[in-house]
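Chain naming here is simple, since letters A, B, ... match the order of the sequence lines and numbering starts at 1 in each. Note that the structure is predicted; figures quoted are calculated from it, not measured.
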Amino acid sequence: MEFPKQNFPEWYNEVIEKAGLVDKRYPVKGMHVWLPYGWKLMRNIDEYFRKIFTEHNHEEVYFPLLVPETEFKKEGEHIKGFEDEVYWVTHGGTTPLDVKLVLRPTSETAMYPLFSLWIRTHADLPLKIFQIVNVFRYETKQTRTFIRVREVHFFESHTAHATAEEAEEQIRENIEIWKKVAKKLALPYVLVRKADWDKFPGAHYSIGAETIMPSGRTLQIATIHQYLQNFSKAYDIQYLKEDGTHDYVHQTTFGMSERLVGAIVGIHGDDRGLIIPPEIAPIQVVIIPIVMKDKERILEEARKIKGELEGHYRVHLDDRDNYTPGYKFYDWELKGVPLRLEIGPRDLEKGQVVLVRRDTFEKISVGREEYIQKIGELLGDIQSNLLSRAEKEMASRIKNFDILEGIKEHDGIAVVSWCGSEECGHKIEELTEKKIIGIPMEKRKGKCVICGKETDTLAYVAKPY
RNA sequence: GGGGCCGUAGGGUAGCUUGGCAUCCUACCACCCUGGGGCGGUGGCGACCCGAGUUCAAAUCUCGGCGGCCCCA
């Protein structure tokens with residue numbers, strides 16, 4: 001690595017390419033190529049989404065990429081929020097289309113016309129589906145790999161319920177799912193309710209999971225939205241109740257994206273490169289044979305070890321002949337493999353292997369009779385260590401402020417009392433030159449930093465990506 | 001939204017002011033030598049973002065396009 005992590009923007013750009021996550025040279029702005037190693041990481045995350053949402057009674061579907069303009073424009077707030085940043089398909093070949101098509105920026109407008117056909121009676125509810133697809137947004141701001149891109153690898157779940165209470169219950173369930181996801185990825189976060197002017201276009205309210213990157217900027221890594229009947233009225237999604245009357249369904253969504261990879265890179269990495277949490281690492285253990293005179297004997301032993309570990313862990317044997325062990329150490333550290341296993345002549349003699357942790361660089365010699373189990377313990381320990389040290393780091397960047405002074409310079413989240421009015425909210429944003437990224441669940445008595453009114457509402461003020 | 005910097009082999013660069021043979025490092029290929037923290041040697045392959053203009057001549061100057069990076073709002 002050429003850049004230290006302190007130099008975050010440069011470090012970030014360097015590590016994602018050198019570690020083999022993406023190739024940014026694709027000649028369209030805001031779009032990059034996923035390389036095998038990076039794609040495997042993304043796919044491991046996707047697989048977890050499939051598992052956890054299936055356990056929570058969601059079913060996977062796939063809707064088309066193109067949405068007709070007529071459907072896209074049905075919900076007023078939604079279209080206002082997105083019309084400036086969608087890609088339009090205007091021609092079929094050389095023939096102009098009668099009805100233009102948009103590349104989905106998210107799939108509400110693709111799905112809900114079909115929801116209207118699928119949902120007839122209360123027996124059809126709740127409906128819970130998800131899909132993992134690419135969405136397109138014509139970002140006008142500076143693009144950043146994983147963090148702000150024009151083609152986004154996206155997860156979205158959509159639910160429909162009979163009552164507002166059931167939709168609220170779904171929001172609570174989504175939060176529980178998010179907690180599991182965050183643990184799996186070892187990501188620290190805070191949950192906030194978005195300010196009214198900042199909620200998802202068309203939503204009744206929005207909840208965001210926000211984390212803090214090393215630059216001090218916050219990154220929204222998951223969003224949960226309560227729509228109530230805002231979309232069902234626009235798309236005429238009605239069901240027949242037991243009493244014979246009709247009502248519109250109540251809807252929620254949950255979205256996550258490749259930003260999670262950006263967060264993992266930024267939050268866990270160090271001066272030597274990536275550190276990938278064991279739970280989702282493409283390779284959990286890399287075996288490096290230290291081959292000297294006994295080349296064949298050691299390689300044979302390394303292959304045997306690989307065979308022994310394969311049923312338990314995701315393991316890779318680096319038997320490249322043209323590189324020295326030292327080179328391989330640096331290489332796999334850059335790629336963030338959580339655990340390295342060295343096997344050389346000395347170990348062979350003693351019937352042991354050497355294990356080296358990526359998070360602490362601790363070296364552990366362990367006998368062959370117990371090493372399989374020890375690896376499991378170490379991987380678990382690395383996972384929890386990554387999370388706890390990231391949580392500590394994040395907590396140190398969240399600071400209370402009684403006055404506006406100092407907030408501008410604070411690298412992280414400033415917590416202030418706020419009366420909740422849009423007027424005072426915008427003043428806070430203007431004076432601090434930052435944004436209210438949301439309202440924490442936590443309440444505390446105080447006086448609004450702008451108008452001085454008594455309040456128990458707090459605001460998180462930060463510079464978001 | 002505003003400002004600035006930039007585009008030369010796979011990657012990183014020199015050359016650009018003052019137009020004329022494109023520099024070095026790395027990677028890659030071949031052979032030799034090696035191996036518990038980025039081995040070394042010899043030889044080789046490989047580039048001026050795209051388009052238009054000025055000119056005898058453009059990496060270099062002018063204009064446009066595409067793309068990248070940083071900072072500020």
Side-chain angles (χ1 to χ4, degrees), chain A residues 1-3 6-33 35 84-85 138-151 213-217 270-273 286-299 301-302 305 317-335 337 339-350 352-358 360-366 407-409 411 426-436 461-465:
Chain A
M1 292 287 298
E2 185 183 344
F3 293 103
Q6 262 183 315
N7 203 348
F8 185 68
E10 287 80 11
W11 175 90
Y12 182 81
N13 282 325
E14 186 188 6
V15 74
I16 58 184
E17 285 209 298
K18 283 198 173 158
L21 298 183
V22 294
D23 192 328
K24 303 200 311 179
R25 291 172 300 180
Y26 191 75
V28 179
K29 184 179 169 68
M31 299 187 185
H32 55 250
V33 177
L35 296 174
D84 287 341
E85 56 176 60
Y138 186 76
E139 294 285 354
T140 50
K141 296 183 174 197
Q142 170 78 45
T143 54
R144 271 192 181 78
T145 311
F146 304 133
I147 291 172
R148 176 173 284 120
V149 288
R150 287 181 167 181
E151 178 176 2
M213 294 291 267
S215 55
R217 288 189 175 196
D270 64 12
D271 285 352
R272 298 205 198 175
V286 62
I287 302 166
I288 302 195
I290 312 296
V291 292
M292 303 178 76
K293 299 110 208 159
D294 282 337
K295 188 168 162 180
E296 262 322 301
R297 209 157 65 92
I298 287 164
L299 267 179
E301 199 60 27
I305 288 171
L317 168 62
D318 188 352
D319 57 0
R320 287 178 293 180
D321 205 25
N322 47 338
Y323 294 104
T324 60
Y327 179 92
K328 294 178 182 176
F329 295 166
Y330 279 96
D331 198 32
W332 293 106
E333 281 167 2
L334 178 58
K335 292 173 99 73
V337 174
L339 204 58
R340 175 172 88 226
L341 186 154
E342 301 173 15
I343 173 85
R346 297 205 291 268
D347 308 305
L348 208 54
E349 220 169 275
K350 294 185 197 161
Q352 64 171 34
V353 297
V354 175
L355 301 171
V356 185
R357 292 174 63 140
R358 177 63 181 85
T360 60
F361 301 108
E362 186 188 357
K363 278 195 177 188
I364 303 128
S365 296
V366 57
I407 292 180
K408 197 168 147 186
E409 293 75 27
D411 276 336
H426 287 316
K427 272 215 176 106
I428 291 172
E429 294 187 336
E430 265 172 50
L431 294 169
T432 60
E433 297 178 9
K434 294 195 170 181
K435 296 283 175 205
I436 291 181
V461 182
K463 195 172 170 183
Y465 268 110

Problem set entry | Any A:K363 side-chain N or O less than 4.0 Å from OP1/OP2 of B:G37 | no
Exercise. Phosphate oxygens OP1/OP2 of B:C29: is one of them under 4.0 Å from a side-chain N or O of A:N322?
Worked result: no
Exercise. With distance as the sole criterion, do the side chain of A:R144 and the base of B:G68 form a donor-acceptor contact below 3.5 Å?
Worked result: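 For A:R144, whose side chain was compared with the base of B:G68, there is no donor-acceptor pair (under 3.5 Å).
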Exercise. Does any N or O donor sit under 3.5 Å from an N or O acceptor when you compare the side chain of A:E333 with the base of B:G37?
Worked result: yes
Which whole-number value in Å describes the distance from [X] [atom1] to [N] [atom2]?
X	N	atom1	atom2	result
A:Y12	B:C70	OH	P	11 Å
A:D318	B:G38	CG	P	15 Å
A:R357	B:G37	CZ	P	21 Å
A:D331	B:U26	CG	P	18 Å
A:W11	B:C70	CH2	P	14 Å
A:E409	B:C72	CD	C1'	15 Å
A:Q142	B:G68	CD	P	8 Å
A:N13	B:C6	CG	P	18 Å

Exercise. Mapping A:T145 and A:E342 to their closest nucleotides on RNA chain B, which lands nearer the 5' end?
Worked result: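 Taking each residue's closest nucleotide, the earlier one in sequence belongs to A:E342.
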Over all strands shown, is [X] touching base, sugar-phosphate only, or nothing at heavy-atom distances under 4.0 angstrom?
X	result
A:E430	nothing
A:K328	nothing
A:E17	nothing
A:D347	base
A:K435	nothing
A:D321	base
A:R25	sugar-phosphate

Exercise. Within the side chain of A:R150, is there an N or O that forms a donor-acceptor pair under 3.5 Å with the backbone of A:E139?
Worked result: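 Confirmed, A:R150 side chain pairs with A:E139 backbone.
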Exercise. May A:Y330 be described as stacking on the base of B:G38, applying a 5.5 Å centroid limit and a 30° limit on plane angle?
Worked result: yes
Side-chain donor-acceptor pairs under 3.5 Å in residues 15-26 of chain A, sequence neighbours left out?
{"from": "A:E17", "atom 1": "OE2", "to": "A:K24", "atom 2": "N", "distance (Å)": "2.9"}
{"from": "A:K18", "atom 1": "NZ", "to": "A:E14", "atom 2": "OE2", "distance (Å)": "2.7"}
{"from": "A:D23", "atom 1": "OD1", "to": "A:R25", "atom 2": "N", "distance (Å)": "3.0"}
{"from": "A:D23", "atom 1": "OD1", "to": "A:R25", "atom 2": "NE", "distance (Å)": "2.9"}
{"from": "A:D23", "atom 1": "OD2", "to": "A:R25", "atom 2": "NE", "distance (Å)": "3.3"}
{"from": "A:D23", "atom 1": "OD2", "to": "A:R25", "atom 2": "NH2", "distance (Å)": "2.6"}
{"from": "A:K24", "atom 1": "NZ", "to": "A:N13", "atom 2": "OD1", "distance (Å)": "2.9"}

Exercise. In dot-bracket notation, what is the pairing pattern of RNA chain B, taking Watson-Crick (N1-N3 plus N6-O4 or O6-N4) and G-U wobble (N1-O2 and O6-N3) contacts under 3.5 Å, with [ ] crossing and | for other strands?
Worked result: (((((((..(((.......[...))).(((((.......)))))....(((((..]....)))))))))))).
Exercise. Given the P atoms of B:C45 and B:G64, what is the spacing between them in whole Å?
Worked result: 40 Å
Problem set entry | Distance between P atoms of B:C25 and B:G20 (Å, rounded) | 23 Å
Exercise. Stepwise, does the salt bridge (Lys or Arg N to Asp or Glu O under 4.0 Å) test hold for A:R340 with A:D318?
Worked result: CA-CA 11 Å; A:R340 175 172 88 226; A:D318 188 352; over 6 Å; no
For this session: Test the A:R272-A:F361 pair against the cation-pi criterion, namely NZ or CZ under 6.0 angstrom from the six-membered ring centroid and within 45° of the ring axis.
Result: yes
